[in-house]
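Working notes for the structure below.
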Amino acid sequence: MKMTDLEVQPEAIPFKLNGEEVTGYSNETILQTAKRYGIEIPHLCYKEGLRPDGNCRACVVEIKGERVLAPSCCRTPRAGMEVITNSERALHSQKMVLELLLSDMPQEQYTLNSELDQWARKLGVGKPRFAPRSRVAPDLSHPAMAVRLDACIQCTRCLRACREEQVNDVIGYAFRGDRSKIVFDFDDPMGASTCVACGECVQACPTGALMPAREVGLEQADKTVDSVCPYCGVGCLLTYHVKDNKILYVTGRDGPANHGRLCVKGRYGFDYVHHRQRLTKPLIRKPGVPKSADFVVDPEHWQEVFREATWEEALDLAAGKLRQIRDTHGKHALAGFGSAKGSNEEAYLFQKLVRTGFGSNNVDHCTRLCHASSVAALLEGIGSGAVSNQVSDVMKAEVVLVIGANPTVNHPVAATWIKNAAKRGVKLIVADPRRTELARYATYFLQFKPDTDVALLNAMMYTIVEEGLVNEDFIRQRTEGFEALKENVKGYSPEKMAPICGIPAETIREVARLYAKSKGSMILWGMGISQHVHGTDNARCLIALALMTGQVGRPGTGLHPLRGQNNVQGASDSGLIPMVFPDYQRVDDPQARARFEKLWGTSLDPKPGLTVVEIMNAILDGQIKGMYIMGENPAMSDPDLRHAREALAKLDWLVVQDIFLTETAYLADVVLPASAWPEKTGTVTNTDRMVQLGRRALDLPGDARQDLWIIQEMARRLGLDWHYEGPESGVQAVFEEMRKAMPSIAGITWERLERESSVTYPCEKEGDPGQPVVFTERFPTKTGRGRFVPADLVPAAERPDDEYPWVLITGRQLEHWHTGAMTRRASVLDAIEPEPVASLHPLDLDVLGVKPGEVITVETRRGRISLFTRAEESTPRGAVFIPFCFYEAAANLLTNPALDPYGKIPEFKYCAAKVLRGGEPPVHMSYGGGRALAVA
């Protein structure tokens, strides 16, 4: 059953199907019942997961006592009904429909997987007797998809996939009679429409009228491999279609997080794997080639900086120098950055290497740059950094609050469930300084002033307390510290906070009442909450909202910080954090440390390690002299990039393990060529706490090696006696050790993952189903109670002034991911968004005298960049939004490294800036051409 079905027990309905007694159900159609019993009925407009439409009539069946044939895709069983699917009358009609549709097909074949052709063969329909319609010119305007409406049978599957499933509202059905056709927006070319290239229409099309633009429909795959999407934290299951060791195309799989849906990155973002700039041999920096923060990356001419080496030489040199630094300067002179882009097994093994091979806890990864403050607040307030409820619970809620997040860009498939919920009547509250796409579906859109989250949230809590809307039983039985919070919010009335946050007092009160009074309210948030110096305070307020109203511990309620990268949840769970071992067991807790010392057979450092930004500062202070970086790109992702690049350049020794010569790799002494996601087998954990299995689909290019193999070889050269035997560099053996180290996944076996692909944790005993909703009876704190932590107004570390009057906000684009190392080498994604852009309100552009597409220069106290402009009414007046994935106009050259004191996360979402008209246009860094190109 799809999760969008009402969760009620369906009624069993006995009826006859082709003379046999069968049992149908009230929530299924005759077609679905027949399929369960192995009876095939031809169908074209019907597709599992889409609303049945009944327009093609290929699935008609005969029902005893009824004068006309009935479409089985939209008729439900009735007790005592007698249905015949293969009567002479039904078969004649089915064949006639197929023949008429076939007559309109072009002579040219667009796909080998035409469902129309398949049904025609099954029913023995030969060459049509009717004249075909005139040829329709193809629409090849979109870089991802080809539109050839001469193959369209107007089944409207694409329309329903676009409007009802993805809720993008681009595809329509227009005109009348023989002029009727599928259109995009106002009959625009697809490439000029508002299409976001999710490709759901392509996956839905039964005839090839909509296909990938690269003519892959006529190529037969050698094999299909089921895996997981390697981009955002939603964790969509997908299938690679592979030929000659290349991915032809990708289709969505019916996984618990996506049910077949994908976004533009998950569907069209994989040819980076085959890019000519893939690292295929170990590289060693040439003697005398200096490192500098002012480097210019040129992977086409890497020979000027590096020379190729054998694995033996590269590994001996890489590990030998790190070992020498450890032995000479002490264990705290080394640090490691792991990756949220790889597998759980890689993250676990990497942090174990740092803790047992380097000897310290100086290990971190990108969670420090995205949700560290959320995790700090959650651990403090409810004892767990993971989500309480899964994204799909929005379908069970009455009210959903999305704050500081832009899911349609950062978590597109998760956004579809939120849009589906809103269309079904769930009250959606969207709160953000930028008007995101979700605002279109919101009951309330709160466009508060940047940096005023606490003012808005405390005003909501004031209302809930003042109007007696708190859940007193929940507070008394399951929380502590409420009186202190109650006292604190007395100074935050909506009337006082309205001028600060920019939301009318009465609107704040209405939203607070709506959230508090509903039977189920759920909060989802993103980095707009966390990436501030008061990010922990922002999250504390959200936790307090849920606790004071009892909106946690039940389906349709809870707290969900949307995870950014595909395995940021799993990497954190696996211990890739300086303060905790796997499963968030504190390194300064003697009992936890004793458990890991016994498991790993060594003594461990009791001192928490340094975080990402702290490590950079420690390098410049001379404390850290060597680093091992796997799959991270701090030379693009860290705040105040010049500072970060100066630190990396100052290191005595830097080893980088990656698939491309990234900005960080360009500063390395040794570069180790690693495996891309489709080239490895391993588990990842998505934002919903689902541990999911990714399977290897491709061979490694050249002499590149598996990341797990590289980590183990480095470990052995650091003096560790590791032996993880088995296929794929012992991935299963590593997973078995993780089960011993992490009670939360102890019940998940590798065999079960191979069978089910996805298992939700906590799953502590084998056979446990997993817990999609947690904190149902108690919180995993020492007292079992949730804790209220009051928050006061803390301004951003850097406010606008006369010299820097603008606010800079950074973030992601739909088509590009993180620092762009992969997506900017994916041809479709790079074609859609090839240039660095700054988004400003149209009225601000008018004031500046700048037209969209012209160049502006944005400057802060840390640097300046020039880039093209884009007019977007979603950006508030006085603010400029810049994505951080473009090397040629790197947004993080501008951002403020000021840290949240609790989560140690930088303030990416707010700093003072100036915007100037004009500037040197950024050099286009397209990866499709043949010239030397900079890495982004």
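At a threshold of 4.0 Å, the pair E467-R513 counts as salt-bridged, since one of the basic side-chain nitrogens sits closer than that to a carboxylate oxygen. The residues E200 and R261 are annotated as not salt-bridged, no charged nitrogen and carboxylate oxygen being separated by less than 4.0 angstrom.
No side-chain donor from either of Q447 and R435 sits under 3.5 Å from a side-chain acceptor of the other. Using modelled atom types and a 3.5 Å distance limit, the side chains of S193 and D188 yield no donor-acceptor pair. With no hydrogens or angles considered, a side-chain donor-acceptor pair links T760 and Q390 at under 3.5 Å. Side chain to side chain, E28 and T33 meet the donor-acceptor criterion of an N or O pair below 3.5 Å. Donor-acceptor pairing under 3.5 Å is recorded for the side chains of T408 and N406. Q692 and S758 share a donor-acceptor pair across their side chains, judged by distance under 3.5 Å alone. A donor atom on one side chain and an acceptor atom on the other are not found under 3.5 Å apart for E495 and Y462. Neither side chain, T549 nor N471, offers a donor N or O lying under 3.5 Å from an acceptor on the other. Between the side chains of N389 and K396, no donor-acceptor pair is found at a separation under 3.5 Å. E510 and Y444 share a donor-acceptor pair across their side chains, judged by distance under 3.5 Å alone. A side-chain N or O of R554 and one of Q551 form a donor-acceptor pair less than 3.5 Å apart.
Side chain of Q32 to backbone of T29: a donor-acceptor contact under 3.5 angstrom is found. Between the side chain of H560 and the backbone N or O of L562 there is no donor-acceptor pair closer than 3.5 Å. Q203 places a side-chain N or O within donor-acceptor distance of the main-chain N or O of G252, the cut-off being under 3.5 Å. Looking at R689, its side chain does come within 3.5 Å of a backbone N or O of S388 through a donor-acceptor pair. Of the possible polar contacts, one joining the R785 side chain to the T479 backbone as a donor-acceptor pair under 3.5 Å is found. Side-chain atoms of R253 come within 3.5 Å of backbone atoms of L238 as a donor-acceptor pair (strictly under, hydrogens ignored). Looking at S493, its side chain does come within 3.5 Å of a backbone N or O of K496 through a donor-acceptor pair. Side-chain atoms of K47 do not come within 3.5 Å of backbone N or O of P206 as any donor-acceptor pair. A side-chain donor-acceptor contact under 3.5 Å links N686 to the backbone of D688. Put simply, the side chain of S521 never gets that close to the backbone of S518: no donor and acceptor are under 3.5 Å apart.
Of all heavy-atom pairs between I500 and A455, the closest is CG2-CB, 3.9 Å. Taking each heavy atom of A377 and I543 in turn, the nearest pair found is O-CD1, 3.4 Å.
One distance of note links SG of C155 with OH of Y173; it measures 10.0 Å at 0.5 Å rounding. Expressed to the nearest 0.5 Å, how far OG1 of T557 lies from CD of E398 amounts to 11.5 Å.
Side-chain contact check for H371 versus V568: every heavy-atom pair is 4.5 Å or farther apart. Taking 4.5 Å as the limit, some side-chain heavy atom of C59 sits within range of a side-chain heavy atom of C73. For the pair Y25 and R36, the minimum side-chain heavy-atom distance is below 4.5 Å. Residues M81 and I30 have side chains in contact (heavy-atom distance under 4.5 Å, counting atoms from C-beta outward). With contacts defined as side-chain heavy-atom distances shorter than 4.5 Å, the pair Q565/C370 does not qualify.
For the pair R434 and F881, the distance from NZ or CZ to the six-membered ring centre is under 6.0 Å and the angle to the ring normal is within 45 degrees.
Counting heavy atoms of neighbouring residues, nucleotides and ligands inside a 6.0 Å radius, atom CZ of F186 does not exceed 12 of them. The neighbour count for E756 CD, taken as heavy atoms of other residues, nucleotides or ligands under 6.0 Å away, is above 12.
Ring pair H259/W417: centre-to-centre distance below 6.0 Å. Aromatic rings from F788 and F482 are positioned such that their centres are separated by under 6.0 Å.
Using cut-offs of 30° and 60° for the angle between ring planes, the F775 and F779 rings count as tilted.
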- Message: Could you go through S180 and R176, starting from their C-alpha distance and side-chain angles, then the distance that decides it, and tell me whether this counts as side chain to side chain donor-acceptor pair (under 3.5 Å)?
- Response: CA-CA 5 Å; S180 62; R176 291 175 179 270; over 6 Å; no
